[in-house]
Colleague: 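Have a look at the structure that comes next, please.
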Number of protein chains: 2
Amino acid sequence: MALEHAILVSLEERPGSGYELAGRFDKSIGYFWAASHQQIYRTLKRMVELDWVAVEHVAQQGRPDKKHYRIAAGGRAELRRWLAEPSEPAHLREELAVKVRGASLGDVAAVRAEVARHRDHHAERLDVYRVIEKNDFPDPGSLHGRGLHQYLVLRGGIRAEQGMVEWCEEVLEALGRDQS
Amino acid sequence: MALEHAILVSLEERPGSGYELAGRFDKSIGYFWAASHQQIYRTLKRMVELDWVAVEHVAQQGRPDKKHYRIAAGGRAELRRWLAEPSEPAHLREELAVKVRGASLGDVAAVRAEVARHRDHHAERLDVYRVIEKNDFPDPGSLHGRGLHQYLVLRGGIRAEQGMVEWCEEVLEALGRDQS
DNA sequence: GCTACCTATGCAACAAGGTGCACTGCAACC
DNA sequence: GGTTGCAGTGCACCTTGTTGCATAGGTAGC
């Protein structure tokens, strides 16, 4: 499993509370590895028991107390171990593809509309990534180390979203031709 | 969930046993929606209870008896319902991206080797898809209906694998430049 | 004669992920 | 004065997915 490792990477970049981590998983890191706040709280608890992260209770006024997490020595060791270990290539899990494949068993026009909706969604996501790219990485050629690694992951997101947009366009065009 | 629906689509194309379905999920359909034989047996059982599929016990000589499944009226109705229903865009879950993002916390060279391994894997997969494309769909322009839909899903697979190969190349090149 | 793999189905247990809900209290808006 | 939203943590339950094992005869190679 990699949720622990995604959390470790995120905590290493910046320590914080579970709530804060959940926020990060709603953007940045979470674009490539989604997780709900439930999963994060539960996993953090387990990671404390494993001594991968250290907790510190922080009392607050006007707000509920929070727990501040930071990566511990055990977590760093685990990260190093995991980074060196080979991992399985992820397999695709695209509900939309199943729908396209089964389109002729239902309303093709409805499936086409679904594809259009997904295209719009991925186009929006692509715009978000492009803005981040422009703002945070104006000069990619000069990047090194951590900054370069963050940029490369963003590039992966851009490629993935662009690929989806193009595929949706191809499907829309082909289904349109077939129906007319 | 879409495993039921993937099974329905597959059974509609061709009825068969759970074992046979598991085989299909190891190739064709399974390239876009993976499932183990355990999942398939369990899901088929549930689908029989729901009257989405019909079973027929087939006695065999020299081999264990098998159960032959075909889609039932309830399954066709469910498929139509599901096809018309909007679905959530799938979110990425790429362990490799987490590793690239965390590369500086471990052995960058090891992560680079991982990326190379994954590139090779996706390149092989891409080759498989390209062969299928050439053999099964020699004249895409003339496709209609079900054949066209199958082709479009294959095109999605080709785009996804090609995108991964290109991203891996970009990462390898950038990490190589950074290290030297 | 032994090992290994294929066909064929399935249980049991566990790990991971998702959904719904509960509690607290402040700030902002209308 | 009521709703909405933010900050903050967590339990309980349910569904999905994975792993290990069991059964059992046939076929093929060494």
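Small disclaimer: the values here were computed from a predicted structure and weren't measured. In what follows, chains carry the letters A, B, and so on, assigned in the order in which the sequence lines appear, proteins first and then strands, with residues in each chain numbered from 1.
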Colleague: Backbone N or O of B:Ile71 within a donor-acceptor pair of the B:Glu12 side chain at under 3.5 Å?
Modeller: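 No; judged by distance alone, with no hydrogens or angles, the pair does not exist.
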Colleague: Please give, in whole Å, the distance from D:dG10 C1' to A:Asp65 CG?
Modeller: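 Going from A:Asp65 (CG) to D:dG10 (C1'), I get 14 Å.
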Colleague: Rounded to whole angstroms, how far apart are CZ on A:Phe25 and P on C:dA16?
Modeller: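 Interatomic distance, CZ of A:Phe25 to P of C:dA16: 15 Å.
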Colleague: To the nearest Å, how far apart are A:Lys67 NZ and C:dT24 P?
Modeller: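 In whole Å, C:dT24 P and A:Lys67 NZ are 18 Å from each other.
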Colleague: Could you check how far CD1 of A:Ile40 sits from P of D:dG8, rounded to whole Å?
Modeller: 14 Å
Colleague: Encode nucleotides 12-18 of chain D as B, S and - characters from 5' to 3', where the letter depends on protein heavy atoms closer than 4.0 Å: B to the base, S only to sugar-phosphate, - to neither.
Modeller: ----SBB
Colleague: I'd like to know if the side chain of B:Arg24 reaches the main chain of B:Ser10, judged simply by a donor and an acceptor atom lying under 3.5 Å from each other, with no hydrogens or angles considered.
Modeller: yes
Colleague: According to the interplanar angle, ranging from 0 to 90°, do the rings of A:His5 and A:Trp52 count as parallel (below 30°), tilted (30 to 60°) or perpendicular (above 60°)?
Modeller: tilted
Colleague: Strictly below 4.0 Å, heavy-atom distances to any atom of DNA chain D: list the hits from residues 10-23 of chain A, or just say none.
Modeller: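 The answer is A:Ser17, A:Gly18, A:Tyr19.
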Colleague: A:His57 has an atom NE2; how far is it from atom C1' of D:dG8, in whole Å?
Modeller: 13 Å
Colleague: How many Å lie between CD on B:Gln60 and C1' on D:dG26, as a whole number?
Modeller: 12 Å
Colleague: Can you check the B:Tyr41 OH to C:dC11 P distance for me, whole Å?
Modeller: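 To the nearest whole Å, that distance equals 11 Å.
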Colleague: Pair B:Glu170, A:Arg159 - check salt bridge (Lys or Arg N to Asp or Glu O under 4.0 Å), show working.
Modeller: CA-CA 11 Å; B:Glu170 183 179 351; A:Arg159 282 183 185 280; 2.9 Å; yes
Colleague: Would you kindly compare A:Pro64 and B:Lys45 by the position of their nearest DNA chain C nucleotide and give the one closer to the 5′ end?
Modeller: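 On the 5' side of the pair lies B:Lys45.
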Colleague: Start at the 5' end of DNA chain D and walk down; is the nucleotide closest to A:Arg63 or to B:Gln61 reached first?
Modeller: A:Arg63
Colleague: Under the salt bridge (Lys or Arg N to Asp or Glu O under 4.0 Å) criterion, do A:Lys45 and A:Glu49 qualify, and how do the steps go?
Modeller: CA-CA 7 Å; A:Lys45 197 180 168 187; A:Glu49 282 160 26; 5.4 Å; no
Colleague: Verify, without hydrogens or angle tests, whether B:Asp107 (side chain) and A:Leu83 (backbone) share a donor-acceptor contact under 3.5 angstrom.
Modeller: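 No, B:Asp107 side chain to A:Leu83 backbone: no donor-acceptor pair under 3.5 Å.
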Colleague: State whether the distance check finds a donor on one side and an acceptor on the other, under 3.5 Å, for side chain A:His37 versus base D:dG8.
Modeller: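 It does not, because no donor-acceptor pair links the side chain of A:His37 to the base of D:dG8 below 3.5 Å.
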Colleague: Side chains of A:Ser87 and B:His118: closer than 4.5 Å at any heavy-atom pair?
Modeller: yes
